[in-house]
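When reading the values below, keep in mind they use all heavy atoms of this one structure, side chains included, and skip hydrogens, waters and symmetry mates.
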Amino acid sequence: MQPPLTVSPTQTMRSRGTTPMPPNLQTSPADKPYRFVSLPDRAKKQPVTAGQECFDHQRYTGILSLTLNVETATLVASGIIALGTDVGLKEPLVKTAIQRDRQLLIPGSSLKGVVRSAFEAITASCLGLPQAKTTSKKTLHVASELAKCGAVKVSPEQTLQDKRNSRLCPACRVFGTMGWQGLACFSEAVGTGQVTTSYMPTLKSPQPAYQAYDNGQQQVTGRKFYVSTTETVPENKKNIPTQTAKPGYQFKTSLRVTNLSEQEIGALLLALGLENLDQPWKLRLGSGKPVGFGNLTVQVTEWTALAGEGSPSQTVIDRYRTYAQQPGSLTGEGLRQFQQRCMAAAKQSNYVLGPQLQQLTHILTETNYQPKEQY
Ligand SMILES: [Zn+2]
C-alpha cells in the first residue's frame with residue numbers, strides 16, 4: 001500500500017472537491033484513453049519441448065540487449081514520498097521513482113508484465129481470469145477455450161517429462177506460469193539522463209461497471225490497452241510533483257531467452273513493438289497512463305547468441321572447455337535481418353495473429369489522441 005501523499009493546502013482542497021463525485025460511466029468509449037484488442041476463439045495450448053534445464057540446439061538461447069527511449073514523462077513509483085532536497089529536486093515534497101545513485105530504475109518484473117500483456121494479445125494465449133466481476137450483481141464471462149493454462153502440479157513423483165507434457169499456451173510457455181519457469185527474463189533497466197519533476201493529476205479508481213467492458217453478451221470485450229500518446233496532459237503545478245524521466249532519457253536492459261523457436265523470438269520482438277524497426281510502437285509503462293505518462297519505445301542493440309544463429313559453439317560443454325570460444329553476436333545490418341526474419345516467421349506461421357497484431361499496432365502507434373485530466 002502506498003503511504004498517504006502529503007500535499008499543499010490548495011491541492012488538499014482540490015482533491016476534497018473532486019473525490020466524492022460519482023464515476024462518470026457515460027463517457028463515450030472513443031473518449032476513453034484505452035481500447036480493446038479482440039480475443040481469439042481459443043488458446044493454442046501445446047506440450048513444451050525444452051525448458052530451462054537443457055540447451056536445444058535447434059532453438060535460440062541468448063541475450064537481446066535493449067535500449068528503452070522515453071517518449072513522454074515516465075514514472076515507475078517507489079511508493080515513497082521524499083523531501084525534494086533528498087532527491088535533487090526543487091519541490092518541497094516529491095513522489096519518488098525507483099532509483100539508485102540518482103538514476104531511475106525499472107524492475108525486470110515491470111518490463112516483463114508490460115511485454116507479456118502485448119505478447120498475450122497478439123498470440124493465441126490464455127486469459128488469467130475465468131470471469132470478471134463488474135458490480136455486486138454482474139459478472140462477465142470468458143469462453144472456456146481461453147481458460148487459464150492448468151497449473152503444472154508440483155509433486156515429488158512428477159518427472160520433467162510430465163512437466164513438458166503439460167499443455168501450455170504461447171505466453172505461459174515463454175513467460176512462465178505456476179509450476180513452469182519461463183524462458184524469457186528481463187534484467188533491471190538502468191537509466192541515464194536528467195531526472196526532473198513532472199506534475200501528475202490524481203487518477204480516479206477503475207470503473208469495472210463501465211459498459212465498454214461488456215461485449216453485449218455478458219462476456220469480456222477484449223484485452224485492454226492504453227492508447228499511445230505523444231504528450232502528457234499540460235503541466236499544472238497544482239498537481240502532484242513526481243520524479244520522472246522525460247523525453248531523451250534512456251534505459252538500458254537485457255532480455256535473456258532460453259530455447260525459443262524462431263517464431264517465439266519473432267513474437268517477442270513484435271510484442272516489443274518492432275514490426276516496423278524504424279517506427280516502433282510505444283509500450284505503456286508505469287504510473288499515469290490515462291494522462292499520457294509512460295510512453296517508451298524499444299530498440300534492440302545486440303543479439304548475443306549462446307546457441308542458435310550467431311553462435312559459434314556446438315555444445316555448451318565446448319564453451320566451458322576453452323577460453324577462446326566467445327558467444328557470437330549480431331549488430332547493425334545482421335541484427336536487423338535477424339529480427340526481420342524472426343518476425344516474418346512468427347507472422348507467416350500464424351503463431352502471431354494478424355488481426356490482433358493490427359489492432360494493437362493501431363492502439364500503440366495512434367498519434368492524435370489527446371490525453372485529458374478527467375474522463
Ligand atoms: Zn496460458
Side-chain angles (χ1 to χ4, degrees), residues 34-52 59-60 108-132 140-152 163-186 213 215 219-226 255 257-275 281 283-285 298 342-343 345-364:
Y34 53 78
R35 304 280 181 268
F36 295 94
V37 174
S38 57
L39 296 168
D41 294 335
R42 56 176 55 246
K44 192 177 172 190
K45 297 182 185 178
Q46 292 183 316
V48 290
T49 52
Q52 291 275 6
R59 290 172 171 268
Y60 294 86
S109 54
S110 301
L111 282 171
K112 182 173 167 176
V114 171
V115 177
R116 179 174 182 149
S117 302
F119 190 97
E120 284 176 353
I122 61 172
T123 56
S125 290
C126 71
L127 274 174
L129 291 170
Q131 56 186 32
L140 298 181
H141 297 280
V142 169
S144 58
E145 291 84 0
L146 286 167
K148 184 176 168 56
C149 294
V152 181
K163 279 202 176 199
R164 291 184 194 151
N165 290 343
S166 310
R167 293 165 65 83
L168 296 179
C169 76
C172 286
R173 190 186 118 74
V174 172
F175 292 94
T177 184
M178 188 73 80
W180 175 254
Q181 189 178 13
L183 304 177
C185 179
F186 283 93
Y213 294 121
N215 73 352
Q219 290 188 330
V220 175
T221 304
R223 297 179 193 267
K224 175 179 163 181
F225 286 87
Y226 283 94
L255 170 56
V257 302
T258 308
N259 291 331
L260 294 193
S261 66
E262 191 173 54
Q263 298 163 13
E264 286 167 329
I265 295 248
L268 255 183
L269 294 167
L270 289 166
L272 290 168
L274 298 169
E275 185 178 23
W281 75 30
L283 291 174
R284 304 303 313 277
L285 182 136
V298 177
C342 292
M343 290 191 285
K347 287 192 283 185
Q348 279 158 16
S349 60
N350 282 330
Y351 182 82
V352 163
L353 310 170
Q356 278 78 5
L357 176 63
Q358 207 177 359
Q359 289 167 24
L360 190 55
T361 302
H362 184 66
I363 295 169
L364 297 180

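To the nearest 0.5 Å, atoms CD (Gln359) and CD (Gln356) are separated by 5.5 Å. Annotation: the span from Cys185 atom SG to Lys112 atom NZ amounts to 6.5 Å, rounded to 0.5 Å. Taken to the nearest 0.5 Å, the CD atom of Glu120 stands 7.0 Å off from the SG atom of Cys172. Summarising the geometry, atom CG belonging to Leu269 is positioned 6.0 Å from atom CG belonging to Leu274; distances are rounded to the nearest 0.5 Å. In this structure, the separation between CG on Leu140 and CG on Asn215 is 8.0 Å, given to the nearest 0.5 Å.
With sequence neighbours excluded, the residues that form a side-chain hydrogen bond (donor to acceptor under 3.5 Å, both in side chains) with Ser261 are Glu264. Not counting sequence neighbours, the partners of Glu275 by the salt bridge (charged side-chain N to carboxylate O under 4.0 Å, His left out) test are Lys347. Applying the salt bridge (charged side-chain N to carboxylate O under 4.0 Å, His left out) criterion to Arg35, with sequence neighbours excluded, gives no partner residue.
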### Task
Tell me, with the steps shown, if Arg284 and Leu364 meet side chain to side chain contact (heavy atoms under 4.5 Å, CB included).
CA-CA 8 Å; Arg284 304 303 313 277; Leu364 297 180; 4.2 Å; yes

### Task
Begin from the C-alpha positions of Arg223 and Leu39 and carry the test side chain to side chain contact (heavy atoms under 4.5 Å, CB included) through to its verdict.
CA-CA 7 Å; Arg223 297 179 193 267; Leu39 296 168; 3.8 Å; yes

### Task
Before giving the answer on side chain to side chain contact (heavy atoms under 4.5 Å, CB included), spell out for Lys44 and Cys169 the whole-Å C-alpha distance, their side-chain angles and the decisive distance to 0.1 Å.
CA-CA 5 Å; Lys44 192 177 172 190; Cys169 76; over 6 Å; no

#### Entry: Stepwise side chain to side chain contact (heavy atoms under 4.5 Å, CB included) check, Val115 with Phe175
CA-CA 10 Å; Val115 177; Phe175 292 94; 4.2 Å; yes

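Contact detail for Ser125 and Ala43: the closest heavy-atom pair is C-CB, 3.8 Å. Here the closest heavy-atom approach between residue Leu360 and residue Trp281 is recorded as CD2-CH2, 3.6 Å. Considering all non-hydrogen atoms of both residues, Pro40 and Leu353 come closest at CB-CD1, 3.9 Å. Among all heavy-atom pairs drawn from Gln263 and Ala346, the shortest one is O-CB, 3.4 Å. Ala121 approaches Val37 most closely through the heavy-atom pair O-CG1, 4.1 Å. For the residue pair Ile122 and Leu357, the shortest heavy atom distance occurs at CG2-CA, 3.8 Å.
By the 4.5 Å heavy-atom criterion applied to side chains, Leu285 and Leu283 are not counted as neighbours. The shortest distance between side-chain heavy atoms of Arg42 and Leu146 does not fall below 4.5 Å. Contact check for Leu270 versus Met343: side-chain heavy atoms found under the 4.5 Å cut-off. In this structure, Leu127 and Lys148 have side chains that are not in contact, with every pair of non-hydrogen atoms separated by 4.5 Å or more. Looking only at side-chain heavy atoms (C-beta outward), Leu183 and Arg173 come within less than 4.5 Å of each other. Annotation: side chain of Arg167 is not in contact with side chain of Cys149 (no heavy-atom distance under 4.5 Å). At a threshold of 4.5 Å between non-hydrogen side-chain atoms, the residues Thr258 and Tyr60 do not count as touching.
The aromatic rings of Tyr34 and Tyr213 lie parallel to each other, their planes meeting at an angle below 30°, with 60° marking the opposite boundary.
For His141, the NE2 atom sits in a packed shell: over 12 heavy atoms of surrounding residues, nucleotides or ligands are nearer than 6.0 Å. The environment of Gln358 atom CD is sparse: at most 12 non-hydrogen atoms of other residues, nucleotides or ligands sit within 6.0 angstrom.
Panel note: side chain Gln181, backbone Gly176; no donor-acceptor pair is recorded below 3.5 Å.
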